[in-house]
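Heads up: the structure comes next, in structure tokens.
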Amino acid sequence: MPELPEVETFKRYLDSTSLMKTIKKVEVRDRRILSCTITALKKTLQGKTFKNSIRHGKNLFVDLDSSYLMLHFGMTGDLEAFENKDDEPRYSKVLFEFTDGTFLSYVSMRMFGRVGVVDDMDEYLTEKKLGPDALKMNYTEFKEALNKRSAIAKSALLNQEIFAGIGNIYSDEILFRTRIHPKTKINLLEEEQLKALFKNIKDVLEYGIEHEGELSEYSQDFLIPHRDKEERCPKCGTEIERYEISGRHGFFCPLCQKIAK
DNA sequence: AGCGATGTTCGCCG
DNA sequence: TCGGCGAACATCGC
């Protein structure tokens, strides 16, 4: 379930369960999940300590002092800490064993996530062309990121090169809150709308983090609990519509969210 | 039994 | 160059 709020939740989970622990052994259950060689992963991690973790967008970096373990969770990634090796979860792809006898699994049902090592975090972000983190950016950076962009709002929010961390579900929520139609061209938004958009990006992502990405527990005032056919807009009661943009489907309220022209 | 899915990437085309 | 489209990737649950 990984958009920015979920990845931030994973970060906090990793921090509370595994920080300052030293890696005794790494076991790879399916090497297709790796973005580096199995040898490089083991060689880099063995004997290193999880000093700190840094989240940028949907990427989680674990500081090993001279390099980083990079975790991307794809569509189904998760982390699970446990104390007995017998408890290794289903779909565990990479198992980290610490010297204190505890474990951490990178879990993913599918093969869309990635685990690897990177020497230089900034270099990695540049290489992947990732924009500023959606939660950490300030208004100036937000405006700068959108500068000269003409994409429709939905695509812009999903584009990790503009800013990093927003995915399909939260982008719909942000647009709903800001009352922007997903197909509104981003460069047609007025200053007031941009300010509201910026604020709602923060508010929605922060709300998500506070609720640890538990979508089922979100307030009924949100669009998120109404992402379904025959659901009604929590603000005006109009039937929610389904739409599709480049193969991604989403939901919006046709009355609340009008196209700016 | 087929379809859809919280992500990323790439080639094609306007 | 930018941006939209659609497919590919992988695999399970509904």
Side-chain angles (χ1 to χ4, degrees), chain A residues 1-11 13 28-35 55-60 70-79 89-94 106-116 118 124-131 133-135 145-176 181-189 201 204-205 207-209 211-218 222-229 242-252 259:
Chain A
M1 29 148 124
E3 294 187 34
L4 188 153
E6 290 77 25
V7 179
E8 178 64 26
T9 304
F10 297 157
K11 173 192 154 50
Y13 181 75
V28 178
R29 302 292 177 226
D30 192 328
R31 62 181 63 193
R32 289 175 301 167
I33 207 73
L34 300 184
S35 59
R55 184 194 52 71
H56 187 103
K58 302 170 192 170
N59 300 271
L60 185 57
M70 195 284 301
L71 304 170
H72 190 287
F73 298 92
M75 299 241 278
T76 55
D78 200 358
L79 291 176
R90 205 180 169 195
Y91 308 121
S92 167
K93 293 285 190 285
V94 182
Y106 170 93
V107 183
S108 187
M109 200 167 67
R110 282 184 282 166
M111 213 57 73
F112 284 175
R114 282 295 172 267
V115 173
V118 306
Y124 181 86
L125 298 179
T126 308
E127 193 183 299
K128 291 286 175 184
K129 297 182 185 168
L130 292 178
D133 181 84
L135 198 61
L146 290 176
N147 190 30
K148 292 177 184 163
R149 291 285 185 168
S150 59
I152 57 177
K154 175 70 171 183
S155 300
L157 290 182
L158 287 180
N159 187 344
Q160 306 296 300
E161 295 181 22
I162 300 181
F163 20 79
I166 301 168
N168 199 32
I169 289 179
Y170 288 94
S171 61
D172 271 359
E173 189 66 51
I174 291 162
L175 292 173
F176 172 71
H181 189 291
K183 291 190 179 176
T184 298
K185 297 258 190 190
I186 201 85
N187 55 339
L188 295 180
L189 296 179
I201 288 173
V204 168
L205 295 177
Y207 182 95
I209 292 168
H211 292 77
E212 301 183 329
E214 288 296 329
L215 299 178
S216 60
E217 293 168 14
Y218 284 18
F222 276 57
L223 174 64
I224 283 172
H226 308 286
R227 296 176 61 80
D228 211 346
K229 282 175 193 162
R242 193 178 201 268
Y243 69 90
E244 194 170 315
I245 288 169
S246 353
R248 305 307 301 280
H249 88 262
F251 295 89
F252 78 111
I259 297 193

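Only this structure's heavy atoms are used, side chains among them; waters, hydrogens and symmetry mates stay out. We name chains A, B, ... by the order of the sequence lines, and we start the count at 1 in each one.
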- Of C/dA10, C/dC5, B/dT8, the nucleotide closest to the side chain of A/I245 is C/dC5
- Task: Check whether any side-chain N or O of A/R149 sits under 4.0 Å from OP1 or OP2 of C/dG3, and answer yes or no.
- Result: yes
- Starting from P on B/dG7, measure out to CG on A/D172 and report it in whole angstrom. 11 Å
- Task: Take atom OH of A/Y243 and atom C1' of B/dG4, then tell me their distance rounded to the nearest Å.
- Result: 16 Å
- Message: Below the 4.0 Å mark, does B/dT8 have OP1 or OP2 next to a side-chain nitrogen or oxygen of A/H72?
- Response: yes
- Query: Does a nitrogen or oxygen in the side chain of A/R90 sit under 4.0 Å from OP1 or OP2 of C/dG13?
  - Reply: yes
- Message: Side chain of A/R110, heavy atoms from C-beta onward: which of C/dG3, C/dT11, B/dT6 has the nearest atom to it?
- Response: C/dT11
- Message: What contact category does A/I152 fall into here, base, sugar-phosphate, or nothing, at under 4.0 angstrom with non-hydrogen atoms?
- Response: sugar-phosphate
- Can you tell me if A/N187 and A/K148 form a side-chain donor-acceptor pair at under 3.5 Å? no
- Message: Just N and O in the side chain of A/Y170: are any of them under 4.0 Å from OP1 or OP2 of B/dG7?
- Response: no
- Nucleotide-level pairing of DNA chain B, given in dot-bracket where Watson-Crick and G-U pairs need both distances under 3.5 Å and | marks other strands: .||||.||||||||
- Taking the side chain as every heavy atom from C-beta outward, state whether A/V94 and A/L71 have any atom pair closer than 4.5 Å. no
- Message: Roughly how many Å apart are C/dG6 and B/dG4, using the P atom of each and rounding to a whole number?
- Response: 14 Å
- Nearest to the side chain of A/I169, which nucleotide is it out of C/dA10, B/dT6, B/dT9? B/dT6
- Do the ring centers of A/F251 and A/F176 come within less than 6.0 Å of each other? no
- Query: Between A/I224 and A/E173, which heavy-atom pair has the shortest distance, and what is it?
  - Reply: N-OE1, 2.7 Å
- Query: What is the distance, rounded to the nearest whole Å, between atom CD1 of A/I162 and atom P of B/dG7?
  - Reply: 15 Å
- In whole Å, what is the span from the CD atom of A/E244 to the C1' atom of C/dC5? 10 Å
- Residue closer to the 5' end of DNA chain C, A/G247 versus A/M109 (nearest nucleotide): A/G247
- Which of these nucleotides, B/dT6, B/dG4, C/dG13, is closest to any side-chain atom of A/E3? B/dT6
- Message: In whole Å, I'd like the distance from the CG atom of A/D30 to the P atom of C/dA10.
- Response: 10 Å
- Query: Closer to the 5' end of DNA chain C via nearest nucleotide, is it A/A153 or A/R32?
  - Reply: A/A153
- Would you call A/F73 and A/K58 a side-chain contact if the rule is heavy atoms closer than 4.5 Å? no
- Task: Grab the CG-C1' distance between A/L157 and B/dG7 for me, whole Å please.
- Result: 16 Å
- Item | A/K148 side-chain N/O to C/dC2 phosphate OP1/OP2 under 4.0 Å | no
- Task: Starting at atom CZ of A/R114, determine the distance to atom C1' of C/dA10, rounded to an integer number of angstrom.
- Result: 10 Å
- Aromatic rings A/F222 and A/Y218: how do their planes relate, parallel, tilted or perpendicular, breaks at 30° and 60°? perpendicular
- Query: Looking at C/dT11, C/dC9, B/dT6, which one has an atom nearest to any side-chain atom of A/F112?
  - Reply: C/dC9
- Message: Side-chain N or O of A/K58 versus OP1/OP2 of B/dT8: is the shortest distance under 4.0 Å?
- Response: yes
- Can you tell me the distance, in whole Å, between the CG atom of A/N187 and the C1' atom of C/dC2? 11 Å
- Message: For the residue pair A/Y243 / A/K154, report whether a side-chain donor-acceptor contact shorter than 3.5 Å exists.
- Response: yes
- Query: Would you find more than 12 non-hydrogen atoms of other residues, nucleotides or ligands less than 6.0 Å from A/R29 atom CZ?
  - Reply: yes
- Task: May I ask you to evaluate whether A/K129 reaches the phosphate of B/dT8, defined as a side-chain N or O under 4.0 Å from OP1 or OP2?
- Result: no
- Message: Over all strands shown, is A/S246 touching base, sugar-phosphate only, or nothing at heavy-atom distances under 4.0 angstrom?
- Response: base
- Would you say the side-chain atoms of A/Y13 and A/D78 include a donor-acceptor pair closer than 3.5 Å? no
